[in-house]
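Remarks on the structure that follows.
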Amino acid sequence: MELGGGSNNRRRSKAIAGNVLSFCGLPAKISQAWTDKNPGRRFYGCERYNWFDEEEAFGWQKEALIEVRNQIRKKDKIIAELKVTISELRSDLVKKEEAEKDIINSFLKR
């Protein structure tokens with residue numbers, strides 16, 4: 001089975017028992033680039049990669065992929081920030097619950 005990016009690399013890449021080996025013989029898996037030059041482009045990831053896709057994205061497709069990538073990154077950042085906020089709020093809640101218990105216990109001891 002021929003796998004890989006450019007025509008030279010296609011001949012050198014092989015699949016053995018369902019495992020993809022890159023042209024250099026190292027195990028590889030399909031990864032996806034999200035750089036400005038190659039948004040959404042898939043490649044065989046090993047120490048020496050080669051492209052899985054035949055062509056680079058260009059024009060409106062490239063612009064759309066970059067825009068979506070940037071939106072995903074912004075949303076990932078917001079999610080990470082919200083997770084920190086949730087963690088802080090949980091910690092504050094535990095502290096307030098402990099303080100409330102202390103107040104109740106001190107009142108009951110009277």
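- In this structure, S87 contributes its side chain and K83 its backbone to no donor-acceptor pair below 3.5 Å.
- Checking side-chain atoms of Q32 against main-chain N and O of G40 turns up a donor-acceptor pair under 3.5 Å.
- Between K62 and P39, some side-chain heavy-atom pair lies under the 4.5 Å cut-off.
- Residue E100 places its CD atom among 12 or fewer non-hydrogen atoms of other residues, nucleotides or ligands, all under 6.0 Å distant.
- Note that OG of S31 is 13.5 Å distant from CZ of R41, once rounded to the nearest 0.5 Å.
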Show me the donor-acceptor pairs within less than 3.5 Å that the side chains of residues 65-76 make with the rest of the protein, sequence neighbours left out.
from, atom 1, to, atom 2, distance (Å)
E67, OE2, Q71, NE2, 3.4
R69, NH1, W34, O, 2.6
R69, NH1, D36, OD1, 2.9
R69, NH2, D36, OD1, 2.5
N70, ND2, I66, O, 3.4
R73, NH2, W34, O, 3.3

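- For the pair L93/L89, no side-chain contact is recorded, criterion being any heavy-atom separation below 4.5 Å from C-beta on.
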